[in-house]
Amino acid sequence: MALPELLSRLRLAPLRHHLGRSLSAVAPPPDEPPPPYPPAPPQPPSNPKLFVAGLSWSTDERSLMDAFSSFGTVTEVRIMYDKNSGRSRGFGFVQFSNDYEAKCAKDAMDGKVMLGRPLRISFALGKVRGGPVIVPRLPTLK
DNA sequence: GTTGAGCGTT
């Protein structure tokens with residue numbers, strides 16, 4: 001009886017020791033950072049300004065603001081008009097005081113029919129006064 | 001009197 005116990009102790013002791021070390025050595029990586037393969041969208045494109053297309057020709061900035069003012073503070077509404085004819089080009093921009101209001105208005109109004117026309121809303125891009133417009137600056141000649 | 005995807009001026 002004592003012999004098998006002794007044998008098991010003699011053989012298990014190093015084994016348990018080894019296992020304990022190897023486990024503790026292999027244990028740490030439960031934190032495997034899963035590499036997000038679409039590395040692009042950490043944040044959904046969001047800014048206070050919305051690009052609103054699909055506007056009826058008869059939609060003016062006043063009615064457009066009235067349609068969006070219930071989602072937040074509208075800081076700017078602009079509809080692009082044709083230089084010559086003076087009529088609406090069918091799209092414009094609506095800017096809110098913050099990104100949340102803009103996203104809320106977009107989710108609520110995108111696809112909604114206004115004056116018989118389905119609205120196409122997305123976040124504005126490009127020309128933003130004071131925005132991140134990168135202008136390559138050439139060295140000034142002297 | 002028209003048209004219908006799109007990203008703009010001061």
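Letters A, B, ... mirror the listed sequences (proteins, then strands); counts begin at 1.
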(request) Take A:F93 and A:F51 through the ring pair (Phe, Tyr, Trp, His ring centres under 6.0 Å) test and state the conclusion after the steps. (result) CA-CA 5 Å; A:F93 299 89; A:F51 168 76; 5.6 Å; yes
(request) Report the C-alpha distance between A:R87 and A:Y81 in whole Å, list the side-chain angles of each, state the deciding distance to 0.1 Å, and finish with yes or no for side chain to side chain contact (heavy atoms under 4.5 Å, CB included). (result) CA-CA 5 Å; A:R87 277 176 306 178; A:Y81 293 95; 5.7 Å; no
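As a whole-Å value, the separation of A:L50 CG from B:dG6 C1' is 15 Å. When the C1' atom of B:dG8 is taken as reference, atom CZ of A:F123 falls 18 Å away, rounded to whole Å. Distance CD1 (A:I121) to C1' (B:dA5): 16 Å, rounded to an integer number of Å. Nucleotide B:dT10 holds its P atom 16 Å from the OH atom of A:Y81, rounded to whole Å. B:dT9 atom P lies 12 Å from atom NZ of A:K49, rounded to whole Å. To the nearest angstrom, P of B:dT9 lies 5 Å from CE of A:M80. Rounded to a whole Å, the CG atom of A:D82 is 15 Å from the P atom of B:dG8. Rounded to whole angstrom, the span from the CG atom of A:L64 across to the P atom of B:dC7 amounts to 18 Å.
Looking at the side chain of A:F91, the nearest of the listed nucleotides B:dT9, B:dG6, B:dT3 is B:dG6. Out of B:dG4, B:dG8, B:dG6, the shortest distance to the side chain of A:W57 is found at B:dG4. You'll find that the side chain of A:A53 is closest to B:dG6, out of B:dT9, B:dG4, B:dG6.
Using a 4.0 Å cut-off between charged side-chain N and carboxylate O, A:R62 and A:D66 make a salt bridge.
Under the 3.5 Å distance criterion, the side-chain polar atoms of A:N47 are left unmatched by any main-chain donor or acceptor of A:D99.
OP1 or OP2 of B:dT2 lies within a sub-4.0 Å distance of a side-chain N or O belonging to A:R87.
Comparing A:S56 and A:S122 by the nucleotide of DNA chain B whose heavy atom lies nearest to each, the residue mapping closer to the 5' end is A:S56. Residues A:E76 and A:L55 each lie close to DNA chain B; by heavy-atom proximity, the contact nearer the 5' end of the strand is made by A:L55.
Checked by distance alone, A:R117 brings a side-chain donor or acceptor within 3.5 Å of a matching partner on the base of B:dG4.
Residues A:M65 and A:M114 fall within the same hydrophobic cluster, defined by Ile, Leu, Val, Met, Phe, Trp and Tyr side chains chained together at heavy-atom separations under 4.5 Å.
By the criterion of a centre-to-centre distance under 5.5 Å and near-parallel planes under 30°, the ring of A:F51 forms no stack with the base of B:dG6.
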